[in-house]
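To start, the structure under review is shown below, and the notes come after it.
One-based numbering along the sequence shown.
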Amino acid sequence: MTTLTLPPLSWTARRMRVLGVVRRDFAALRRSPVRVFEILFWPTIELVLWGFVTSFLHTQRVPFVVTFLLGAVLLWQVLQKASNEISIAFLEDIWSRNLLNVQVSPLSSVEYLVGLMLFSLGKVAFAVAVMAGLALAFYGFGLGAVGVGLVPFMGVLLVLGWSLGLVGIAAVLRFGENAQVIAWSLVFVVQPLAGIFYPVSVLPAPLQAVAWFVPASHVFEGMRTVMAGGAVPWDRLAWAAAVNVGYLAAAVGLFAWALGYARRRGRLSRFGE
């Protein structure tokens, strides 16, 4: 028996498939003002809240560099939204009963994930740009205060957020729609260990050891170092990037395993029922 094999896809074809996922999600976003509102609402509320806190601390002459808080809020949104947006994009396929259609299409899982990541990147960039503008207008704080470390700081947080989002997606595939809470809340598990609003040194010694393997902790420690007039801790960022690569590879592997499990059990056709 002769086996028919399809020629391998070119990079152009794969790029068009990935961009197809991005265009699909963008089309759904621009037709839903509520979704655009949701992208900006909670980050803006959090920025305004912490902005008032910093203003209060400044008037009380608290011996603390209050701008650390605003920088922390802006960078925290990169991590939180990178994780939540990729999870939401996947969950929307479940809510619209479109997941099975995606899985039976010629689109590969890698192309699908890359498309979700690119779309989430656009939403994160949009939200952070708006928040940075508000921080500058209301409180006189500009992201330029973080210096040249801003790009690698955001890069580390983006990759960590995507890794956490993929773990949440894998949980939904493995345990069903009741596990959606994991996709929403997993990023908050690392929040206490990341040292967002306080130095990692205040944590108990065992948790400090755990925090060393949380890439976000090196970002926020580095941010405070830079804003205090120090140099970008490139050695710590290199360590965080290396750990991130391992986490992302593990998250992709977990997603692939969970997707295979869902396919073998016939769960894909039952999502959204």
Taking [Y] as the starting point, is it possible to reach [X] by hopping between hydrophobic residues whose side chains are less than 4.5 Å apart?
X      : Y      : answer
Val189 : Leu164 : yes
Leu158 : Val148 : yes
Leu207 : Val219 : yes
Trp184 : Leu186 : yes
Val210 : Val202 : yes

Which value, rounded to the nearest 0.5 Å, describes the distance between [X] atom [atom1] and [Y] atom [atom2]?
X      : Y      : atom1 : atom2 : value
Phe213 : Trp239 : CZ    : CH2   : 5.0 Å
Ile94  : Glu177 : CD1   : CD    : 5.5 Å
Ser87  : Ile182 : OG    : CD1   : 11.0 Å
Leu259 : Leu113 : CG    : CG    : 8.5 Å
Ile169 : Ser83  : CD1   : OG    : 9.0 Å
Ile86  : Leu118 : CD1   : CG    : 9.5 Å

- Query: side-chain contact (heavy atoms from CB on, under 4.5 Å) between Leu116 and Trp162: does it pass, once the steps are laid out?
  - Reply: CA-CA 10 Å; Leu116 295 186; Trp162 287 337; over 6 Å; no
For the student: nearest non-hydrogen atoms of [X] and [Y], plus distance:
X      : Y      : answer
Arg224 : Pro199 : NH2-CA, 3.6 Å
Ala183 : Leu91  : CB-CD1, 4.4 Å
Val167 : Ala251 : CG2-CB, 4.2 Å
Ala89  : Tyr112 : O-OH, 4.5 Å
Ala132 : Leu74  : N-CD2, 4.0 Å
Met223 : Leu75  : SD-CD1, 3.8 Å

Kindly indicate whether the side chain of [X], heavy atoms from C-beta on, has any atom under 4.5 Å from the side chain of [Y].
X      : Y      : answer
Phe153 : Val78  : no
Tyr198 : Leu203 : yes
Phe197 : Val73  : yes
Ser120 : Lys81  : no
Val200 : Phe220 : no
Val252 : Phe255 : no

- Message: Pair Arg236, Thr225 - check side-chain contact (heavy atoms from CB on, under 4.5 Å), show working.
- Response: CA-CA 12 Å; Arg236 297 190 64 169; Thr225 298; over 6 Å; no
- Report the C-alpha distance between Val156 and His218 in whole Å, list the side-chain angles of each, state the deciding distance to 0.1 Å, and finish with yes or no for side-chain contact (heavy atoms from CB on, under 4.5 Å). CA-CA 9 Å; Val156 169; His218 301 285; over 6 Å; no
- Task: Mind running ring pair (Phe, Tyr, Trp, His ring centres under 6.0 Å) on Trp76 and Phe188 for me, showing each step along the way?
- Result: CA-CA 10 Å; Trp76 161 245; Phe188 293 98; 5.7 Å; yes
- Message: Run the side-chain contact (heavy atoms from CB on, under 4.5 Å) test on Leu79 and Ile196 for me, step by step, so that the C-alpha distance in whole Å, both residues' side-chain angles and the decisive distance to 0.1 Å come before the verdict.
- Response: CA-CA 11 Å; Leu79 174 59; Ile196 299 170; 5.6 Å; no
- Please identify each residue that fulfils ring pair (Phe, Tyr, Trp, His ring centres under 6.0 Å) with Tyr261, with sequence neighbours left out.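 Partners of Tyr261 by the ring pair (Phe, Tyr, Trp, His ring centres under 6.0 Å) criterion, ordered by chain and then number, come out as Trp257.
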- Task: Answer yes or no: is there a donor N or O on one side and an acceptor on the other, between the side chain of Glu85 and the main chain of Lys123, under 3.5 Å?
- Result: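 No; judged by distance alone, with no hydrogens or angles, the pair does not exist.
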- Is the backbone N or O of Ala211 less than 3.5 Å from a side-chain atom of Ser217, with the two atoms forming a donor-acceptor pair by type?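 Judged by distance alone, yes, a pair lies under 3.5 Å.
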